[in-house]
Protein chains: 2
Amino acid sequence: MTLRNKELSKNQKIVLDYIQKCKKPVKAYSILSNVNKKGLKAPPQVYRALDKLIEIGEVHKIESQNSYIACNSTCTSPQGTIFSICKSCDKTDEISDAKLFKFLSEVKDMNGLSLSGYNLELFGTCSNCKD
Amino acid sequence: MTLRNKELSKNQKIVLDYIQKCKKPVKAYSILSNVNKKGLKAPPQVYRALDKLIEIGEVHKIESQNSYIACNSTCTSPQGTIFSICKSCDKTDEISDAKLFKFLSEVKDMNGLSLSGYNLELFGTCSNCKD
DNA sequence: ATTATTATGTTATAATATAACGCTATACTC
DNA sequence: GAGTATAGCGTTATATTATAACATAATAAT
Ligand SMILES: [Zn+2]
Ligand SMILES: [Zn+2]
Ligand SMILES: [Zn+2]
Ligand SMILES: [Zn+2]
């Protein structure tokens, strides 16, 4: 049983289900208010679920937006993530460009740093907003 | 007169001076308490200065840490930033690897996104912490 | 000089995230 | 299966990060 397929707890399932239904990244307090009817009443319940889901790679945090998005399953490891983010409409996609992954993963001993992970956020305008 | 060399206001100078003195990224409220004696008394004064300094490229935000660091002057544009971050001691360096810059800047029309900027945060262990 | 723009000082509040505590469920191990 | 370790839950309170709003002052542009 991989980390990823590990049995999730009740709250973890509820939070993951909700995030997966969302097209766009969602904020923690928005998750909270949307799963309120499922019994989650306070921030720690959401944040604890998020911590676990992020740890096992089912969810990623979009750092520049303080928001959370479900992994699209194409990322090979939770340690390396790449996102394209539309500054106009917030459309956000996890990118699985092999060349980019390879390039970043091969950044060895950059500045004396022995690399264990990375996060790349690409900003721009999506095709829908371009017109 | 370039954007970068523009005359700064009093509060902007105070905040930039302080950030430049710091070896590591600093938090907004830490800046606030450290420039208190210079007359900045409330968060908006710091955040407004930060907004401007970030806009002109003198300061960058380390998104994963909610902290701020002075530009080391090697980055060509405020729109593309790369940092190496030690997870053990928070040592953070702005990286100016030409190949990496070039590679990222050439990510054209990734996922339909027309790129206007990016931020890459590399995590790992610095040489001091490696032992 | 008039006007537009930018910055300031201040109070209050919003938004994001964690500490701490007592309790419960589950897994492990002997 | 009893004992014990680990992970999760529910709850209250609080810490941390950031912005809204408003009145005033300084600076730049016409
Ligand atoms: Zn992923
Ligand atoms: Zn868009
Ligand atoms: Zn820079
Ligand atoms: Zn270190």
Side-chain angles (χ1 to χ4, degrees), chain A residues 1-19 22 24-69 90 92 119 121, chain B residues 1-19 22 24-69 90 92 119 121:
Chain A
M1 186 124 78
T2 71
L3 197 58
R4 194 71 173 264
N5 296 321
K6 200 165 170 292
E7 206 62 35
L8 295 175
S9 76
K10 171 177 145 274
N11 287 0
Q12 290 159 13
K13 268 182 207 137
I14 290 170
V15 169
L16 179 57
D17 278 356
Y18 177 69
I19 296 177
C22 298
K24 289 185 184 175
V26 273
K27 304 255 178 183
Y29 277 71
S30 164
I31 296 170
L32 179 57
S33 65
N34 278 283
V35 299
N36 183 272
K37 50 194 162 230
K38 301 263 184 184
L40 284 80
K41 305 292 184 194
Q45 295 174 294
V46 169
Y47 281 106
R48 285 191 293 227
L50 284 173
D51 285 347
K52 188 61 171 201
L53 294 168
I54 289 169
E55 184 193 345
I56 66 176
E58 288 285 0
V59 167
H60 303 301
K61 182 175 185 182
I62 309 296
E63 295 286 358
S64 62
Q65 327 281 5
N66 297 318
S67 62
Y68 304 87
I69 193 170
D90 290 330
T92 298
N119 180 51
E121 301 185 1
Chain B
M1 186 126 76
T2 71
L3 196 60
R4 193 70 173 267
N5 298 321
K6 201 165 166 293
E7 208 62 35
L8 296 176
S9 77
K10 171 180 145 268
N11 287 359
Q12 290 158 12
K13 269 182 206 137
I14 291 170
V15 169
L16 179 57
D17 277 356
Y18 177 69
I19 297 177
C22 298
K24 290 184 183 175
V26 274
K27 304 257 179 181
Y29 276 72
S30 165
I31 297 170
L32 178 57
S33 64
N34 278 283
V35 298
N36 183 273
K37 49 195 164 232
K38 301 263 186 184
L40 284 80
K41 305 292 185 195
Q45 295 175 293
V46 168
Y47 280 106
R48 287 190 292 225
L50 284 173
D51 286 347
K52 189 61 172 199
L53 294 168
I54 289 169
E55 185 193 345
I56 66 177
E58 287 287 359
V59 166
H60 304 302
K61 181 175 185 183
I62 309 296
E63 295 287 359
S64 62
Q65 326 280 4
N66 296 318
S67 62
Y68 304 86
I69 193 170
D90 290 329
T92 299
N119 180 52
E121 300 186 0

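Protein chains get the first letters and strands the later ones, always in sequence-line order, with residue 1 at the start of each. Keep in mind that what you see is a predicted model, and the values were worked out from it rather than measured.
Each end of the helix from C:dA1-D:dT30 to C:dC30-D:dG1 yields a helix axis from five base pairs, and these two axes differ in direction by 50° (to the nearest 10 degrees).
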Filtered N/O pairs between nucleotides 22-26 of chain C and protein, under 3.5 Å:
none

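Under the side-chain hydrogen bond (donor to acceptor under 3.5 Å, both in side chains) criterion, A:Tyr47 pairs with no residue at all, not counting sequence neighbours. Residues passing the side-chain contact (heavy atoms from CB on, under 4.5 Å) test with A:Lys27 are A:Ser30, A:Asn66, sequence neighbours excluded. Residues that satisfy the side-chain contact (heavy atoms from CB on, under 4.5 Å) test with A:Leu32, not counting sequence neighbours, are A:Tyr29, A:Pro43, A:Val46. Remark: A:Ser9 pairs with A:Gln12 by the side-chain hydrogen bond (donor to acceptor under 3.5 Å, both in side chains) rule, at least two apart or across chains. In terms of the side-chain contact (heavy atoms from CB on, under 4.5 Å) criterion, residue partners of A:Ser64 (sequence neighbours excluded) are, by chain and number, A:Ile62, A:Ile85, A:Glu121, A:Phe123, B:Glu63.
For A:Lys27 and A:Arg48, each mapped to the nucleotide of DNA chain C holding its nearest heavy atom, the one lying further toward the 5' end belongs to A:Lys27.
Per the geometry, CG belonging to B:Leu53 stands 13 Å off C1' belonging to C:dA7, to the nearest Å. Computed from coordinates, the A:Lys13 NZ to D:dC9 P distance equals 10 Å when rounded to whole Å. One interatomic measurement links the two molecules: OH of B:Tyr68 to P of D:dT16, which rounds to 15 Å at whole-angstrom precision. We find that CD of B:Glu7 is positioned 17 Å from C1' of C:dT5, with the value rounded to whole Å. The CG atom of B:Leu8 sits 13 Å away from the P atom of D:dA28 (whole-angstrom rounding). As a whole-Å value, the separation of A:Asp51 CG from D:dA7 P is 14 Å. C:dT6 atom P lies 11 Å from atom CD of B:Gln12, rounded to whole Å. Nucleotide C:dA7 holds its C1' atom 15 Å from the CG atom of B:Leu50, rounded to whole Å.
The side-chain ring of B:Tyr29 is not stacked on the base of D:dT16, judged by centre separation under 5.5 angstrom and plane angle under 30 degrees.
Atom CG of A:Leu40 sits about 10.0 Å away from atom CD1 of A:Ile31, to the nearest 0.5 Å. For the atom pair OG1 of A:Thr92 and CD of A:Gln65, the computed distance is 6.5 Å after rounding to the nearest 0.5 Å. In this structure, CD1 in A:Ile14 is found 8.0 Å from CG in A:Asp17, a value given to the nearest 0.5 Å. In this structure, the separation between CG on B:Leu50 and NZ on B:Lys61 is 9.0 Å, given to the nearest 0.5 Å. Interatomic distance, A:Asn34 CG to A:Asn36 CG, rounded to the nearest 0.5 Å: 9.5 Å. Between atom NZ of residue B:Lys52 and atom CG of residue B:Leu16 there is a gap of 13.5 Å, rounded to the nearest 0.5 Å.
Taking the side chain as every heavy atom from C-beta outward, B:Asn11 and B:Val35 never approach each other to under 4.5 Å.
At the phosphate of C:dT16, neither OP1 nor OP2 sits under 4.0 Å from any side-chain N or O atom of A:Asn66. In terms of phosphate contacts, A:Ser9 brings a side-chain nitrogen or oxygen within less than 4.0 Å of OP1 or OP2 of D:dC9. Side-chain nitrogen and oxygen atoms of A:Lys10 include at least one within less than 4.0 Å of the OP1 or OP2 phosphate oxygen of D:dG10. Dashed line: the shortest gap from a side-chain N or O of A:Lys61 to OP1 or OP2 of C:dA17 is under 4.0 Å.
Proximity of residues 30-47 of chain A to DNA chain D (heavy atom under 4.0 angstrom from any strand atom) is restricted to A:Lys41, A:Ala42, A:Pro44, A:Gln45.
When distances are taken from the side chain of A:Ala28 to each of C:dA20, C:dA17, C:dT8, the shortest belongs to C:dA17.
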